[in-house]
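Sequence lines set the chain letters: A, B, ... in the order given, protein chains first and strands last, and positions in each chain run from 1.
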Amino acid sequence: MSFRDEVYELVSRLPAGKLATYGQLAALCGRPRASRIVGAALLHAPEGLPCHRVIYRDGTLCCDKAFGGKEIQQQMLEAEGVPFLPDGRADLRVCQWEGPEAGFESED
DNA sequence: GTCATGACGGATC
DNA sequence: GGATCCGCCATGA
């Protein structure tokens, strides 16, 4: 299990309507400072991965290098129920992912 | 094993 | 408050 694989696992467990930051996923992988590694991992991520739910600490979406445009990403998130601020950023304050154990009850 | 790079993040200017 | 710089760490050549 490589670091990237752990990142994939966490992202795949990300529920709709929830958002996570690169640094958060990195921390959950045991490397709080490896936020950039998470980004690099998502760059090589498979299609089934909801990597559009992973954004910056600031709540801003990633560059237009993903999903064909950050606007597309925002629309997908809005479709999942993620509130966006008039500032053009996601409302991380209310929809940030709490962790892999959130909603993960006795699934083992 | 070493050098360079990358979808970041925090600190500084 | 925004732009820029440096630091961090895994991955690939």
Once you round it to whole Å, what is the distance between [atom2] of [N] and [atom1] of [X]?
| X | N | atom1 | atom2 | value |
| --- | --- | --- | --- | --- |
| A/Leu10 | B/dA7 | CG | P | 20 Å |
| A/Tyr8 | C/dT11 | OH | C1' | 11 Å |
| A/Phe3 | C/dT11 | CZ | C1' | 11 Å |
| A/Glu6 | C/dT11 | CD | C1' | 14 Å |
| A/Leu61 | B/dC8 | CG | C1' | 15 Å |
| A/Arg4 | B/dG6 | CZ | P | 14 Å |
| A/Tyr22 | B/dG10 | OH | C1' | 17 Å |
| A/Arg89 | C/dG1 | CZ | C1' | 11 Å |

Is a side-chain donor or acceptor of [X] paired with a backbone partner of [Y] at a separation under 3.5 angstrom?
| X | Y | value |
| --- | --- | --- |
| A/Tyr8 | A/Pro46 | no |
| A/Thr21 | A/Gln24 | yes |
| A/Arg53 | A/Leu14 | yes |

Does a side-chain heavy-atom distance below 4.5 Å link A/Asp91 with A/Val82? no

Determine the minimum heavy-atom distance between [X] and [Y], stating which atoms define it.
| X | Y | result |
| --- | --- | --- |
| A/Ile55 | A/Gly59 | CD1-O, 3.6 Å |
| A/Leu10 | A/Trp97 | O-CH2, 3.5 Å |
| A/Cys95 | A/Gly17 | CB-O, 3.6 Å |

Using the rule given for side chain to side chain contact (heavy atoms under 4.5 Å, CB included), can you reason through A/Arg57 versus A/Gln96, listing the C-alpha separation, both sets of side-chain angles and the distance that settles it, and then say yes or no? CA-CA 10 Å; A/Arg57 241 321 190 179; A/Gln96 182 169 30; 3.4 Å; yes

Nucleic acid contacts - residues 29-39 of chain A versus DNA chain B, non-hydrogen atoms under 4.0 Å: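 Nucleic-acid contacts, sorted: A/Ser35, A/Arg36, A/Ile37, A/Gly39.
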
Can you list the stems that DNA chain B is part of, where a stem is at least 3 pairs in a row, each Watson-Crick or G-U, with both distances below 3.5 Å?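 Paired runs of 3+ in DNA chain B: B:2-6 with C:9-13, B:8-13 with C:2-7.
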
Verify the distance criterion only: is there a donor paired with an acceptor across the side chains of A/Glu80 and A/His52 at less than 3.5 Å?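 The criterion, which ignores hydrogens and geometry beyond distance, is satisfied for A/His52 and A/Glu80.
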
